[in-house]
Amino acid sequence: MAELAKNAAEMSKVHPEDTASPLKEAWRAFCKNRLALAGLGIVIFFIIIAILAPVIAPYSFKEQELTKRLLAPSSEHWFGTDDFGRDIFSRIVYGARISLWVGFFAVLGSAVLGTILGVIAGYYGRWLDTVISRTFDIMLAFPSILLAIAVVAILGPSLQNALIAIAIINIPNFGRLVRSKVLSVKQEEYIMAARAVGMKDSRILIHHILPNSMTPIIVQSTLAIATAIIEAAALGFLGLGAQAPSPEWGKMLADSKQYLVQAPWTLFFPGLAIMLTVLGFNLMGDGLRDVLDPKMKQ
Amino acid sequence: MNKSMRMLLVSILAISMFLVGCSGKTNTATEGENGSASEGGSKKDTLVFARGGDSTSLDPITTTEGETFKVTENIFETLLEYGEQDTTIHPGLAEEWKVSPDNLTYTFKLREGVKFHDGTDFNADAVVYNFERWMNGDADKFPYYTMFGGFKGEEGHVIKEVKAVDEHTVEFVLNRPQAPFLKNLAMSPFGIASPEAVEEQGDNFRSNPVGTGPFKFVEWKQNDRIVLEKNQEYWQDGLPKLNKIIFRVIPENTARLNALSNGEIDLMDGLNNSDEASVTGNSSLQVIERPSMNVGYIGFTVNRKPFDNKLVRQALSHAIDKKSIIDSFYGGKADAAINPMPPSIEGYNESIEDYPYDLEKAKELLAEAGYEDGFEMDLWAMPVARPYMPEGMKVAEVIQESFSKIGVKANIQSVDWATYLEKAAKGDFDAYMLGWTGDNGDPDNFLYTLLDKDSIGSNNYSYYSSDELHDILIEAQTESDQTKRNELYKKAQEIIKEDAPWVPLVHSTPLIAATKDLQGYKPHPTGSEALTHVEFK
């Protein structure tokens, strides 16, 4: 993948007219990366499913029909039914809403908070840096899922609290990343120039430092959505995330685990859905990093 | 890749060898088992019985917990015994008994020639010693002794005196008549222990039990195994048939079933209804059903709004489809419950009709109560599998869905089992799922224990208090004419049905799985039984 990006970068050098728009150049490079495109395709596919869930789903996700429990996949129920006689296909379609919603908003939350803290730590340094960085170190010392469980235990189990917990545990990843970026950008000559002409700190931060630290945040966000979805599913599996009758994928797995032998489709499809979305975000994230990371571009 | 795979295999091998080394002791034990089997011809005579939890004590009077009784039933015997699979009264250590006309004096003729496992004689003095020991304790030490109304010196205490008339005759003098007195005597906690061993062991008696039962205690490894061996001097000729019993602990229901299919164990309780098909489909296994004497229910805490309103409770009673629940999560192996006690118990009111599953009627009642728009509530579901409710969470989800159809939003909640019971006793729940397995087959053990106002704070988690019901239940306790008693209990069930502090859900049939060649195992409705007649084909 790195090779491809490198080739793309070299090729773009050959055509000087392209260098005018770095965004366009990145997009072109991205399009050359087939895996990344596939990732983007999967992500868009799931976003469409999530938005159009009521149109796509043939059944309600919560309506039980106990006479039709544990039916194997058929033309009537594409993915079969679960132990309450609910249509698994419909539940997975609605579940896409939950997983994407948790993924986007948890990451948005941690990216915003992480960036603010990272910028403060990186730009002002000194004791502020020490306090913030050491807090991050402490948070990173815990296995992240353990920390999330602790947060949910304090707040009480619900989807919203699971989202908050996932947001909190991802803050240090963003914070550290932004801090190191800010530290290097801060040394650039144009920042010194801005300071020399008497520009205020807040203006320097917003107009110069932040825009120039953006790319790693975007890459990290895409990859973090993938982890966030897994973490939400893990919390749901442990009964600490979404509550019944919510069709959260992790919870669907937990509710059906005893039917592994008897009705494997109750586990296969939610598992597949989790795997595909996570794969999509990971491929897309990798592709983005290849095209956006200057180190890879050289 | 290949190389690392090979490394992985090698290390797995190394680890497993290490583990085998660790469990050397168990291995020799197994060899011993096999050895003894070959000695007695080709017949297998060691039974491995796996269950979900360990016993808390092996001195049965010190606990109320069922896993203890499963073991102690084999070590200790009671004065009277229940029928093989019912709670009728039969001779035990007492051969015969006489009751005085005023129901205050019971005279027991004890079996002669019975010896405790330590070689001392079982006689009238031993019986007196045991009862003196228990009645001088307190509810913390000997919780089940409260079946006799309290302890020595307390107002409610039923037993005035226990005296030895001669070597083999004991007389119980009561303060007031107690209708289920004989049934109480047959309960597992009242197994007669060797006085000498109790004196000698003191507090250690709970891990070194000595009784008169068919099996002798050998060893107890906490949370792993309890080993019993045949009592060669047992007073019944030719019994027990097994030479050795090993009680093993395997917490997960499915893991236990795996152990059974692999032949590691011979008998297991707590079979999931959903796994029944895989056992019946296996030609080397069999399913055994325990006769039902339990009730699983949803209780409403009646001092909390809106459950203080009888109409709301009745409305919700109309909104639960018991039949679907039973078909889906009990494999059809349960009866829909109408009353708080199972039909197998005397005094059950057959003429009461259940609240039918009728959402329209439920909505009407809610509207009448002033909740036409419904309300939001917490529905607490037990986190563990119980014999009366193997899949509590799933049942809760079905009920949540039915309630949502009449506008009641139920949020399912749960917490670990110990906290759950604690919170239930404090009345912290809006509505909760629970159940009860009968101890002695008497209606008092259901109705008074679970729903009388005296039981608030202990087993009456609904905080249901009815003076009318209380008067009837107390009268029934002292009434000795069984027909009159039954009439009282039937009346009591009518009152409870009308007030609807619970929605009785099911009377379940707990499932047990065993190897095909096991025979003579008759599970008892109380949940524990001696394995005296069990043998392998």
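Convention: sequence-line order gives letters A, B, ...; per-chain numbering from 1.
Between Asp255(A) and Glu397(B) there is a side-chain heavy-atom pair separated by less than 4.5 Å. Between Lys62(A) and Gln400(B) there is no side-chain heavy-atom pair separated by less than 4.5 Å. Contact annotation: the side chain of Leu66(A) never approaches that of Asp327(B) to less than 4.5 Å [non-hydrogen atoms, C-beta and beyond].
Expressed to the nearest 0.5 Å, how far CD of Glu401(B) lies from CD of Glu65(A) amounts to 10.5 Å.
Annotation for Gln160(A): atom CD does not count as buried by contact number, only 12 or fewer foreign heavy atoms lying within 6.0 Å. With a 6.0 Å radius and a threshold of 12 heavy atoms from other residues, nucleotides or ligands, Phe105(A) has its CZ atom at or below the threshold. By the 6.0 Å contact criterion, NZ on Lys323(B) is open, its count of non-hydrogen atoms from other residues, nucleotides or ligands being 12 or less.
Looking only at distances, no side-chain donor or acceptor of Gln258(A) sits under 3.5 Å from a matching main-chain atom of Ser274(B).
The contact between Lys394(B) and chain A is made by backbone and side chain atoms together, counting heavy-atom distances below 4.5 Å. Residue contact with chain A, scored on non-hydrogen atoms closer than 4.5 Å, involves the side chain of Ser404(B) exclusively. Contacts of Gln243(A) with chain B are made by side-chain atoms alone, with heavy-atom separations under 4.5 Å and no backbone atom involved. For chain A, the nearby part of Glu391(B) is the side chain; its heavy atoms alone come within less than 4.5 Å. At a 4.5 Å heavy-atom cutoff, Thr254(B) makes no contact with chain A through either its backbone or its side chain.
Residues Asp83(A) and Phe329(B) come closest through the heavy atom pair O-CZ, 3.6 Å.
For the options Gly156(A), Pro245(A), Gly239(A), heavy-atom pairs under 4.5 Å to chain B are most numerous at Pro245(A).
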